[in-house]
Asker: 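Structure incoming, see below.
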There are 2 protein chains.
Amino acid sequence: MPTISKENYLKSIYSLNLTYGESVSTSQVAMKLEITNAATSEMARKLAKQGYLHYEKYKGVELTEKGRKIALQIIRRHRLWEVFLIKVLGLSWSEVHDEAEKLEHNTSEELINKIDKHLNYPEFDPHGHPIPNEKGEIPQMPVLVSLLEATVGKNYKIFRVADESSELIEYLTKLNLFLYQDIKIIEKLSFDNSIIVQVNGTNHSLSEKVAEKVSVSILK
Amino acid sequence: MPTISKENYLKSIYSLNLTYGESVSTSQVAMKLEITNAATSEMARKLAKQGYLHYEKYKGVELTEKGRKIALQIIRRHRLWEVFLIKVLGLSWSEVHDEAEKLEHNTSEELINKIDKHLNYPEFDPHGHPIPNEKGEIPQMPVLVSLLEATVGKNYKIFRVADESSELIEYLTKLNLFLYQDIKIIEKLSFDNSIIVQVNGTNHSLSEKVAEKVSVSILK
DNA sequence: TTTCCAAGTTAAGCATGCCTAACATAAAAG
DNA sequence: CTTTTATGTTAGGCATGCTTAACTTGGAAA
Ligand SMILES: [Mn+2]
Ligand SMILES: [Mn+2]
Ligand SMILES: [Mn+2]
Ligand SMILES: [Mn+2]
């Protein structure tokens, strides 16, 4: 097992690679982790020697399969913890990231699998990011639309809320508009662009301002 | 905030003091933490300098109020995590200690308070140890008896199970004999020392072997 | 009382992971 | 092409927390 520090390097490299493609420069990593280039160069050498990545001086780093596997494991833990903290313990969206940043390094395989099961194997975290499964497989991102663009009469699943303010989240939670909740679009009122949605048999009206922040994926 | 290492020292010193009283020798701490005396002596000097304990060469250490406060905080986190992992996530009793040993150092005040609330402020952990509250106050230990010594017709709360094998725990769990569960003693059969207990209106028979391992506290 | 030994401490050294400062390189500007 | 500059690397140093080996110390045994 790599150290906490190394886990953070591997995770950062993985996500920088996703964002910018190709090989990742040591200074990109330094920036992301808020440490000096010097520290990153040094660590690149060590991680390469231990087989987690390929590193050629002045040419950046690229994860090996071994390194990618660790990165995905940490990302899995991070995202499952975020879902868990929000859905089970009621932490606010603004709090969970920092909390998960520490927990991700201190969670056994058994524990994270129990959490996964308890949450009924969610595929996406509260920010809409995919959660790798136990085997490291990444779920395909569904096509998302905002509630404003949803079609009357069809069923959708709530997927993401663009605004992380706890005010909006709490408002939606009171209406049972949880993350992953299935809903049906009942009506769209053209005079104010508000939308009537059905949740567990109950109808709620959402204003245009609220609806545009809720991303949903179509069901079936 | 002290480091993880320092938190573990303070916690160990606290519990050694509870067990053996008076000042704690550096080698007792070394034994408990499975490190050398040398490391402990050195750390004692540092912790004293930072005001967490009093230390006189060759005379052992004694926590200051500041050190005690940290120790109780870590113990609180450890025990709440243990309860949480068992009751909410269904980990086995044998797994939770090691897991909690890491989580206790990576849990914010806000998170542990949410966990506390979610569990409805338990006063004792699965081993029967008291859980300090948010203010660091330690609940009074109730008088415990084994189920074998319980009185017919009276109500009790399940407090502790002496055997940590998951087999026994799972058996009890199937009968709804959870930790903290209220039960009533219906009958004691003298020919085999088995006991009939009532849980949520349902009666169950427990053998002598099982009953002797279940500790309960009397209610009202 | 003196001696001896277990308990405890100090010294020196190592691994990790970071820093600053000095240096090297590649690529852009001239 | 050369020169400049931004990017990246190496060297040296420091804090933490551990080790082994050498040393004190205080109290029990003689
Ligand atoms: Mn996050
Ligand atoms: Mn992290
Ligand atoms: Mn424990
Ligand atoms: Mn610990």
Side-chain angles (χ1 to χ4, degrees), chain A residues 1-14 16-17 19-63 67 70-71 74 101-102 104-106, chain B residues 1-14 16-17 19-63 67 70-71 74 101-102 104-106:
Chain A
M1 279 299 103
T3 61
I4 291 174
S5 200
K6 282 170 183 165
E7 289 181 348
N8 281 327
Y9 276 95
L10 295 174
K11 193 174 62 136
S12 296
I13 292 164
Y14 178 89
L16 285 166
N17 170 267
T19 311
Y20 302 107
E22 282 303 297
S23 86
V24 174
S25 72
T26 50
S27 47
Q28 279 178 300
V29 178
M31 188 100 77
K32 182 134 189 168
L33 293 175
E34 300 185 272
I35 53 176
T36 60
N37 280 3
T40 312
S41 285
E42 202 179 329
M43 187 58 94
R45 217 173 349 96
K46 288 181 195 165
L47 289 171
K49 200 166 141 195
Q50 290 172 75
Y52 294 113
L53 44 77
H54 299 295
Y55 171 48
E56 240 185 298
K57 276 203 228 172
Y58 297 102
K59 292 195 171 177
V61 296
E62 206 156 350
L63 293 181
I70 300 284
I74 304 304
E101 201 59 50
K102 294 181 294 169
E104 65 187 2
H105 310 291
N106 293 282
Chain B
M1 279 298 104
T3 62
I4 290 174
S5 201
K6 282 171 184 165
E7 288 180 347
N8 281 329
Y9 276 94
L10 295 175
K11 193 175 62 138
S12 296
I13 292 165
Y14 178 89
L16 285 166
N17 170 265
T19 310
Y20 302 106
E22 281 303 296
S23 85
V24 174
S25 72
T26 50
S27 46
Q28 279 179 299
V29 178
M31 188 99 78
K32 182 134 190 169
L33 292 174
E34 300 184 271
I35 54 177
T36 59
N37 280 3
T40 312
S41 285
E42 202 179 329
M43 187 58 94
R45 218 174 347 97
K46 288 182 195 166
L47 289 170
K49 200 167 140 193
Q50 289 170 76
Y52 294 113
L53 44 78
H54 299 296
Y55 170 48
E56 241 186 300
K57 277 203 225 172
Y58 297 101
K59 294 197 169 176
V61 296
E62 205 156 351
L63 293 181
I70 300 284
I74 304 303
E101 202 57 51
K102 293 182 296 167
E104 65 187 1
H105 310 291
N106 293 282

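Reminder, nothing fancy here: chain letters follow the sequence lines and each chain counts from 1.
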Asker: Name each donor-acceptor pair under 3.5 Å that joins a side chain in residues 31-46 of chain B to protein atoms two or more places apart or in another chain, with its distance.
Answerer:
residue  : atom : partner  : partner atom : Å
Lys32(B) : NZ   : Ser15(B) : OG           : 2.8
Thr36(B) : OG1  : Ala39(B) : N            : 3.3
Thr40(B) : OG1  : Thr36(B) : O            : 3.2

Asker: Kindly write out the residues that satisfy side chain to side chain contact (heavy atoms under 4.5 Å, CB included) with Tyr20(B), not counting sequence neighbours, or none if the list is empty.
Answerer: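 Per chain and number, Tyr20(B) pairs via side chain to side chain contact (heavy atoms under 4.5 Å, CB included) with Leu16(B), Gln28(B).
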Asker: I need a per-nucleotide contact map over nucleotides 17-27 of chain C, read 5' to 3'. Cutoff is protein heavy atoms under 4.0 Å; write B for the base, S for backbone only, - otherwise.
Answerer: SBBB---BS--
Asker: Please list, chain by chain and in numerical order, all residues satisfying salt bridge (charged side-chain N to carboxylate O under 4.0 Å, His left out) with Glu101(B), sequence neighbours excluded.
Answerer: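 In terms of salt bridge (charged side-chain N to carboxylate O under 4.0 Å, His left out), with neighbours along the sequence ignored, Glu101(B) is linked to Lys11(B).
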Asker: Looking at residues at least two apart in the chain, or sitting in another chain, which of them share a side chain to side chain donor-acceptor pair (under 3.5 Å) with Asn8(A)?
Answerer: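 His105(A).
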Asker: Tell me: CG of Leu33(B) to P of dT19(D), nearest whole Å?
Answerer: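 One finds 10 Å between P of dT19(D) and CG of Leu33(B), rounded.
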Asker: Can you tell me if the side-chain N/O atoms of Thr26(A) get under 4.0 Å from OP1 or OP2 in dT9(D)?
Answerer: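 The answer is yes; a side-chain N or O of Thr26(A) sits under 4.0 Å from OP1 or OP2.
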Asker: Taking side chain to side chain donor-acceptor pair (under 3.5 Å) as the definition, give me every residue that meets it alongside Glu62(A), ordered by chain and number, with sequence neighbours left out.
Answerer: none
